Amino acid sequence: MKRALITGVTGQDGMYLGELLDREGYEVFGLVRGQNNPKVGVVQKILPNAKLLFGDLTDLGALLRIMDVANPDEVYNLGAISFVAHSWENAGMTTDVTAKGALNMLEAVRIHAGSKPESIRFYQASSSEMFGKVHEVPQKESTLLWPRSPYGVSKVYAHYMTINYRESYGMHASSGILFNHESPRRGIEFVTRKVSDGVARIARGKQDKLTMGNLAASRDWGFAGDYVRAMWLMLQQPVADDFVIATGKTHTIRDLLDVAFARIGISDWSDYVSYDKQYERPAEVDLLIGDASKAKEKLGWEPTVQFKELIEMMVDADLALQEQEG
Ligand code: NDP
Ligand code: GDR
């Protein structure tokens, strides 16, 4: 039975990945931070077979202890401060967790693997935010990185550190440059879930309006369930490498509002959406659209869920949740 360690198991991707690895017959270990993490109950319900280990990405000693307990064949480093807007106000902490946390994890894997650095396969959760002020459309693995936030800068550090450990120590370390991916498990702070939740509340008469920031930004949105499959496929390759994972289609926040409101029968949402400057960012990433042809060719990976279906799935899930809550 293969063993896998997931950092960030309490996050959106951690839960989907844990389910996939469980189906594939792995023994799954998940890193959980904090002394009383409120998401433990949810994870235990979704991943009843997973073993939860307690520690923090900023604590190398804890990570070394966790590596001893889990003794994994594969490590998926998904843990991060992942909300871009939050990263300006918490730049130091974002650097400690999202950048140096990845270094700590690479070190823990390198030290645990000893004389066989290639024996543990490592996945780093890199991001399309590394492209930032884009220098090429669409963005691919070789596109110049120009991050626009403390989060993006931290991800660039972790990305190059992963490549550096592969080149310096011969580790089987891969980076997935994943574009935005969403699901009903997406955190409420991110724009898709904020909209699906808000629209469901408006439909149920619990909320009057949605207050939003920049509606002109474009994102390449896919489904998280598809994207964790790409992570796993990367670690099944004989040689470690870096891959862009994306749908190749881009939509604005306005398009997102169109689809979400249409799902509850509202075609003109202008009366239901207001603007607040607080949701604007000090520097914006205007346009993201990925070219995942390398992943298609080498991993056989393709997305199965398109934008409209994804947003409708999220609105339907939030409508059901509102119904349950009464
Ligand atoms: P989430 O924000 O849902 O999950 C982040 C996870 O990191 C949570 O489990 C969180 O724990 C954990 N974490 C935060 N700080 C620490 C810490 N100090 N020590 C240990 N764990 C910590 O993110 P997603 O699931 O959406 O994303 C997974 C990864 O992929 C992240 O690294 C993200 O940056 C990256 N990514 C995501 C994309 C997306 O569109 N979703 C696209 C590209 C990259 P807790 O629950 O306790 O807060
Ligand atoms: P992003 O996701 O920054 O792309 O990072 P987010 O959903 O937060 O923002 C997407 C775009 O929507 C605009 N926007 C708003 N965003 C939020 N959150 N709230 C609003 O009210 C709002 N109004 C407009 C933003 O300005 C932005 O342009 C996500 C995270 O999952 C990262 O961890 C990951 O690396 C990248 O995707 C790829």
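All ligand and atom numbering here is 1-based and tracks the order in the structure. Computed from a predicted structure; not experimentally measured.
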Under a 4.0 Å threshold between the charged nitrogen and the carboxylate oxygen, would [Y] count as salt-bridged to [X]?
{"X": "E302", "Y": "K296", "answer": "yes"}
{"X": "R281", "Y": "E129", "answer": "no"}
{"X": "K51", "Y": "E27", "answer": "yes"}
{"X": "D242", "Y": "R166", "answer": "yes"}
{"X": "D197", "Y": "R201", "answer": "yes"}

- Message: Does either side chain, that of Y272 or that of Q207, offer a donor lying less than 3.5 Å from an acceptor on the other one?
- Response: no
- Task: Could you verify whether a donor N or O on one side chain and an acceptor N or O on the other, from S126 and S175, lie under 3.5 Å apart?
- Result: yes
Considering heavy atoms of the protein only, find what lies nearest to [atom] and give residue, atom and distance to 0.1 Å.
{"atom": "atom 31 (C) of ligand 1", "result": "L78 O, 3.1 Å"}
{"atom": "atom 1 (P) of ligand 1", "result": "S82 OG, 3.7 Å"}
{"atom": "atom 39 (C) of ligand 1", "result": "H181 CE1, 3.2 Å"}
{"atom": "atom 6 (C) of ligand 1", "result": "G8 CA, 3.6 Å"}
{"atom": "atom 43 (C) of ligand 1", "result": "L178 O, 3.1 Å"}
{"atom": "atom 25 (O) of ligand 1", "result": "D13 N, 2.8 Å"}
{"atom": "atom 14 (C) of ligand 1", "result": "A80 O, 3.2 Å"}
{"atom": "atom 10 (C) of ligand 1", "result": "T10 OG1, 3.9 Å"}

Which bit of [X] gets closer than 4.0 Å to ligand 1, counting heavy atoms only: side chain, backbone, both or neither?
{"X": "K39", "answer": "side chain"}
{"X": "S128", "answer": "neither"}
{"X": "R186", "answer": "side chain"}
{"X": "V97", "answer": "side chain"}

Which of the atoms in ligand 1, numbered in the order shown and given with their element, are less than 4.0 Å from a heavy-atom of [X]?
{"X": "Y151", "value": "33 (C), 34 (O), 35 (C), 36 (N), 44 (C)"}
{"X": "S126", "value": "43 (C), 44 (C)"}
{"X": "S127", "value": "43 (C), 44 (C)"}
{"X": "N180", "value": "40 (O)"}
{"X": "D56", "value": "17 (C), 18 (N), 19 (N)"}
{"X": "A125", "value": "29 (C), 30 (O), 32 (O), 35 (C)"}
{"X": "Q12", "value": "3 (O), 25 (O), 26 (O), 41 (N)"}

- For D241, enumerate each residue passing the side chain to side chain contact (heavy atoms under 4.5 Å, CB included) test, keeping only those at least two apart in sequence or located in another chain. F243, K294, K298
Measure from every N or O atom of ligand 2 to the protein's N or O atoms and keep only the pairs below 3.5 Å, writing each with atom names and distance to 0.1 Å.
residue: ligand 2; atom: 3 (O); partner: R281; partner atom: NH1; Å: 2.6
residue: ligand 2; atom: 4 (O); partner: N180; partner atom: ND2; Å: 2.8
residue: ligand 2; atom: 4 (O); partner: R219; partner atom: NE; Å: 2.8
residue: ligand 2; atom: 7 (O); partner: V191; partner atom: N; Å: 2.8
residue: ligand 2; atom: 8 (O); partner: R281; partner atom: NH2; Å: 2.9
residue: ligand 2; atom: 9 (O); partner: R281; partner atom: NH2; Å: 3.4
residue: ligand 2; atom: 18 (N); partner: E189; partner atom: O; Å: 2.9
residue: ligand 2; atom: 21 (O); partner: K194; partner atom: NZ; Å: 2.7
residue: ligand 2; atom: 23 (N); partner: G213; partner atom: N; Å: 3.0
residue: ligand 2; atom: 26 (O); partner: E284; partner atom: OE2; Å: 2.6
residue: ligand 2; atom: 28 (O); partner: R219; partner atom: NH2; Å: 3.0
residue: ligand 2; atom: 28 (O); partner: E284; partner atom: OE1; Å: 3.0
residue: ligand 2; atom: 28 (O); partner: E284; partner atom: OE2; Å: 3.0
residue: ligand 2; atom: 31 (O); partner: R186; partner atom: NH1; Å: 3.1
residue: ligand 2; atom: 31 (O); partner: R186; partner atom: NH2; Å: 2.8
residue: ligand 2; atom: 33 (O); partner: S82; partner atom: O; Å: 2.6
residue: ligand 2; atom: 33 (O); partner: Y151; partner atom: OH; Å: 2.8
residue: ligand 2; atom: 35 (O); partner: S127; partner atom: OG; Å: 2.6
residue: ligand 2; atom: 35 (O); partner: Y151; partner atom: OH; Å: 2.5
residue: ligand 2; atom: 37 (O); partner: N180; partner atom: ND2; Å: 3.1

- Task: Tell me, with the steps shown, if D318 and S196 meet side-chain hydrogen bond (donor to acceptor under 3.5 Å, both in side chains).
- Result: CA-CA 6 Å; D318 276 315; S196 66; 2.7 Å; yes
Side chain [X], main chain [Y], donor-acceptor under 3.5 Å:
{"X": "H159", "Y": "S127", "value": "no"}
{"X": "R263", "Y": "M313", "value": "no"}
{"X": "K155", "Y": "S128", "value": "no"}
{"X": "N214", "Y": "E280", "value": "no"}
{"X": "N180", "Y": "R219", "value": "no"}

- Query: For residues 285-310, which residue pairs qualify under ring-ring contact (aromatic ring centres under 6.0 Å, His included), counting only residues two or more places apart or in two chains?
  - Reply: W221-F307, Y227-W301, H251-F307
- Message: Tell me which pairs pass ring-ring contact (aromatic ring centres under 6.0 Å, His included) where either residue lies in residues 74-107, with sequence neighbours left out.
- Response: F83-F190
- Message: Is it true that, when you exclude D68 itself, more than 12 heavy atoms of the residues, nucleotides or ligands shown sit nearer than 6.0 Å to its CG?
- Response: yes
- Got more than 12 heavy atoms from elsewhere within 6.0 Å of NZ, K209? yes
Check if [X] has a non-hydrogen atom at a distance under 4.0 Å from any atom of ligand 1.
{"X": "K155", "result": "yes"}
{"X": "N37", "result": "yes"}
{"X": "Y227", "result": "no"}

- Query: Who gets closest to atom 19 (N) of ligand 1 by heavy atom: I177, L63, L57?
  - Reply: L57
- Considering distance alone, does some N or O of G11 sit under 3.5 Å from an N or O of ligand 1? yes
